[in-house]
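Step one of this worksheet: look at the structure below.
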Amino acid sequence: MTFHHEVNSQQQEAIRTVEGPVMVVAGPGSGKTRVLTFRIAYLIQIGVPAYQILALTFTNKAASEMRNRIVGLVGEKSRQLWMGTFHSILARILRVEGKSLGYDSNFSIYDTADTLGVIKQIMHESGISAQQYNPQAIRSRISSAKNQFLLPEEFARRAVDLFEEKSARIYSEYEKRLRGNNALDFDDLLIKPIDLFHHHKSILQKYQDRFRFILIDEYQDTNHAQYVLIKLLADRYRNICVVGDDAQSIYAFRGADIRNILDFQHDYPDAKVIRLEQNYRSTKTILAAADQVIKHNVDQLSKNLWTENSDGDKITLLVCQDDRDEGATIVSRIYRESLNRKLDLKDFAVMYRTNAQSRALEDAFMQQSVRYVIVGGVRFYERKEIKDVMAYLRLLVNPHDDESFLRIINVPGRGLGNVAVQRVRSFAAHHSIPLVQACRRAEEITTLLPKAKKGLRLLADLLDKYSHMMKEMSASEVSRAFVDEIGILRLFKEEGTPESMARWENVQELLTAITEFCIQQPEATLAAFLQDQALLSDTDQWDDKHNAVTLMTLHSAKGLEFPVVFIAGLEEGLLPFSNSSQLDAKQLEEERRLYYVGLTRAMQKLYLSYARVRFRFSELSYQSPSRFIDEIDQELLESTGQALQAASTERWSFPAVQSRHRKKITDSDAQYHTDVAPDYDHDQDELKPGTMVVHEIFGRGKVLQVTGSGDALKAVVEFSSAGKKNLLLKYARLRLL
DNA sequence: ATTAGGCGATTTTTT
DNA sequence: ATCGCCTAAT
């Protein structure tokens, strides 16, 4: 293998230092992926069997791309490499070893929505009001308790307030249910293997022995549980190589612990530390800007990034009137740049802090007919029809999965309402049997209406029939026949609306995915498919073969690069994000790292943009430009105000805003983006009876009456097309005429 | 007594 | 767009 002339000396060292602990501190664009790829290829080349190598990556997509490259370098024997995300590798281990913990290998994996459903049910049953205690908050409290290895009893003992006491009660029941359902949540996938290794030393030894060489990418984003796992696994051979960049740690909110990377040398005093500081990705301008920004973080290892690339163009700040203007401006810039730089649409990415921002951008792309793809947002596997079909399939492989059963018990409609469902559940609880079994014995539930009994009977028969067929047919064949017989495809066809046809296609797409999975891995089970799907990330599903502009959150952008990058919504409160006024130093630093990740995705040209006025939570909000803009030297920046004037004349805007800010907009940029947002408050004095407004859907209308205040501000509007409507202004997106 | 359908509330980032 | 709550329909 001849990689010698393709890598610099630090990279070379990182590739060849294969024994003992190694930490590679890799700045953005420093060829980290290339180092990991070559390092693994090198290991295989010097005779290490591929199955003795464990490589943990941040996305499955990264894993499969890397695997293919390695196969290209050293051949098919490298296929046996263990490579994937923490979660998918551990799911694989649990499929084999779960028995020792009392889990069947067909376990279901519950995503955040599934777990929230379980929590809501428990709350409902134990009479804890969802109004009083936010189920989301409880869910995340339970999750963090689990990640600290706190069992329900211990957590209950430590509860300091009523909220924690309630959480503890729910937590305890939650654990029972998941176990009863033969289901694991995302946290369990990390925690259960730790339990397993603690209680079964022989199993631990088996895996320690198998994984003689361990590599971990994006180490700065590992959490405590992942840290413990790695320590356990690497304990025997200590051939551990971690690659990361503390400046790119952006998952503290989910428990990622930056100390894992900062303390690596403490854990492994003999660790060799290799720094990759030459950047091959970005222009000098972009790199300098990123460096200036990250220097504002106190709690940061300092690095000396440099590049031989050219200076490149200045960073352009797009000053926009509102969120629609921002979208329109970005799209027209993309159009211009693609001609000037002879770039394809796929060379552009627009990044933002929150998924909600994608909507205004999307509108602009549609209006100007520029192809785009959104990463994340409303994900494929979060669509109702997909979740329904997945629930059916999960139930087929794991009949204990009550959560999935409840999802589909009345899909398609079987004339079962809430009351009927409750009866089935109490019957099941009384007999301590899974809901599927209760369903099979529907005749015994005397209080059920004949219609309900019949529906349940049919459902039970259907499930029985296909679970028998599972034994003889391939996963793909069974799924197709099963989904067909469920009848939802037929329903979509009958409805015939564009929406239901889209749903029909989505289900077909899912079936195709199953078929492909079966072709690729003939040995694989339906359970494995379902488990894999549950662990797919947004970027895993991103298809970069389309020639289209990519829209994504800054979080999803991690690890990617694009010739031209736009970072939208650089406003205080949005980036850096804060939902209240306080933003503590730690949070601010994480926001800054997120911004840094965004900046360093750009190769040739970087755009920043902000809007003076934006619909946030579907409410007008006026925020000042982000402090992050000021953290870049003026010399590296150029700013445009013209774009905004051109765009704002074409559309309705807010009279009050225009009169107040038109002048400032033409002022010098320096003054402009450092000034403070006006304490202007949109409300009654703007919107009063008689005002003419425009609604996105209903069109033109006249305000008849205004009531309420704050979030509850409402208006009665008479539309010429739709008549009188009572609108909650928080959501109505009214524009003044 | 039950169910189905209308209407209002809901959006930080994610494996 | 989807979920939960309320009310009208059966």
Side-chain angles (χ1 to χ4, degrees), chain A residues 56-60 84-91 109-113 115-117 120 124 130-131 134-136 140 143 147 184-190 218 221-223 225-226 250-256 351-359 375-379 382-385 387 407 410 413-423 447-449 451-452 499 502-503 532-540 552-558 569 573-580 583 587 590-591 593-595 597-598 615-619 711-712 714 725-728 730-732:
Chain A
L56 297 161
T57 57
F58 202 71
T59 65
N60 291 300
T85 62
F86 269 93
H87 289 84
S88 53
I89 293 286
L90 294 170
I109 296 175
Y110 284 1
D111 66 15
T112 313
T115 58
L116 195 62
K120 281 182 181 165
H124 190 75
Q131 255 74 30
N134 180 356
Q136 300 258 21
S140 75
S143 171
N147 276 301
L184 298 166
D185 64 19
F186 287 145
D187 301 322
D188 289 332
L189 290 173
L190 304 176
E218 309 283 7
D221 284 319
T222 50
N223 65 22
Q226 288 166 330
I250 54 173
Y251 283 101
F253 74 93
R254 162 179 116 178
M351 300 170 189
Y352 37 79
R353 178 65 234 266
T354 67
N355 280 310
Q357 287 166 260
S358 69
R359 203 176 134 184
V375 175
V378 186
R379 284 157 271 210
E382 270 172 31
R383 289 183 207 161
K384 190 180 176 305
E385 65 277 15
K387 294 209 80 165
R407 200 183 160 89
N410 201 32
R414 301 187 170 82
L416 291 156
N418 220 338
V419 178
V421 174
Q422 288 310 321
R423 295 211 168 118
T447 44
L448 281 180
L449 294 168
K451 195 174 106 185
E499 290 83 23
R503 285 165 190 260
D532 276 10
Q533 294 309 309
L535 299 174
L536 280 188
S537 69
D538 289 336
T539 30
D540 289 333
M552 61 170 93
T553 62
L554 288 162
H555 281 91
S556 316
K558 188 165 87 157
L574 196 54
L575 182 62
F577 185 91
S578 64
N579 44 8
S580 50
L583 179 70
Q587 287 171 344
E590 176 144 321
E591 294 292 313
R593 290 192 295 269
L594 188 56
Y595 179 46
V597 166
F615 277 102
R616 224 185 132 195
F617 306 125
S618 301
E619 174 181 59
D711 282 359
K714 282 183 179 175
K725 294 275 170 191
N726 195 352
L727 301 167
L728 194 60
K730 194 176 169 197
Y731 295 106

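Proteins come first, then strands; the chains are lettered A, B, ... in the order of their sequence lines, and each starts at number 1.
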Indicate whether OP1 or OP2 belonging to dT3(B) is found under 4.0 Å from a side-chain N or O atom of N418(A).
-> no
Output yes if the stacking criterion (under 5.5 Å between centres, under 30° between planes) is met for F253(A) over the base of dT12(B), else no.
-> no
Presence of N355(A) side-chain N/O under 4.0 Å of dT14(B) phosphate oxygens OP1/OP2 = yes
Closest to side chain of H87(A), choosing from dG4(C), dT11(B), dT15(B) = dT15(B)
Contact class for Y251(A) vs. all strands (heavy atom < 4.0 Å): base, sugar-phosphate, or nothing?
-> sugar-phosphate
Tell me whether the OP1 or OP2 atom of dT11(B) has a side-chain N or O from R353(A) closer than 4.0 Å.
-> no
Interatomic distance at P, dC5(C) relative to dT11(B), whole Å = 14 Å
Give T112(A) one of three labels, base, sugar-phosphate or nothing, depending on what nucleic acid heavy atoms sit under 4.0 Å from its own.
-> base
Give a yes/no answer on whether the side chain of S578(A) brings an N or O atom under 4.0 Å of OP1 or OP2 in dT12(B).
-> no
Minimal heavy-atom distance between A91(A) and L535(A), with the atoms involved, is CB-CD1, 4.0 Å
Interatomic distance, L554(A) CG vs dT12(B) C1' [rounded to whole Å] | 11 Å
Could you state the CD1-C1' distance from I89(A) to dT15(B), rounded to the nearest angstrom?
-> 14 Å
When the aromatic ring centroids of Y251(A) and F58(A) are compared, is their separation below 6.0 Å?
-> yes
V419(A) side chain, from C-beta outward: closest of dT2(B), dT2(C), dT13(B) = dT2(B)
Name the nucleic acid region contacted by A420(A), choosing base, sugar-phosphate or nothing; use a 4.0 angstrom heavy-atom cut-off, strictly under.
-> sugar-phosphate
So which nucleotide from dT2(B), dG4(C), dT12(B) ends up closest to the side chain of K120(A)?
-> dG4(C)
Contact class for G415(A) (heavy atom, under 4.0 Å): base, sugar-phosphate, or nothing?
-> sugar-phosphate
L190(A) CG to dT14(B) C1', in whole Å, measures 13 Å
Looking at S556(A), does any N or O in its side chain come under 4.0 Å of the phosphate oxygens OP1/OP2 on dT14(B)?
-> yes
For dA1(C), does OP1 or OP2 lie under 4.0 Å from any side-chain N or O of K384(A)?
-> no
Separation of atom CE in M552(A) from atom C1' in dT12(B), rounded to whole Å | 17 Å
Under a 4.5 Å cut-off applied to non-hydrogen side-chain atoms, are D532(A) and N60(A) in contact?
-> no
For R423(A) and F186(A), take the nucleotide of DNA chain B holding the closest heavy atom to each; which residue's nucleotide lies nearer the 5' end?
-> R423(A)
Smallest separation among heavy atoms of A557(A) and M552(A), with atom names | CA-SD, 3.3 Å
Looking at side-chain heavy atoms only, is the closest gap between N410(A) and V421(A) below 4.5 Å?
-> no
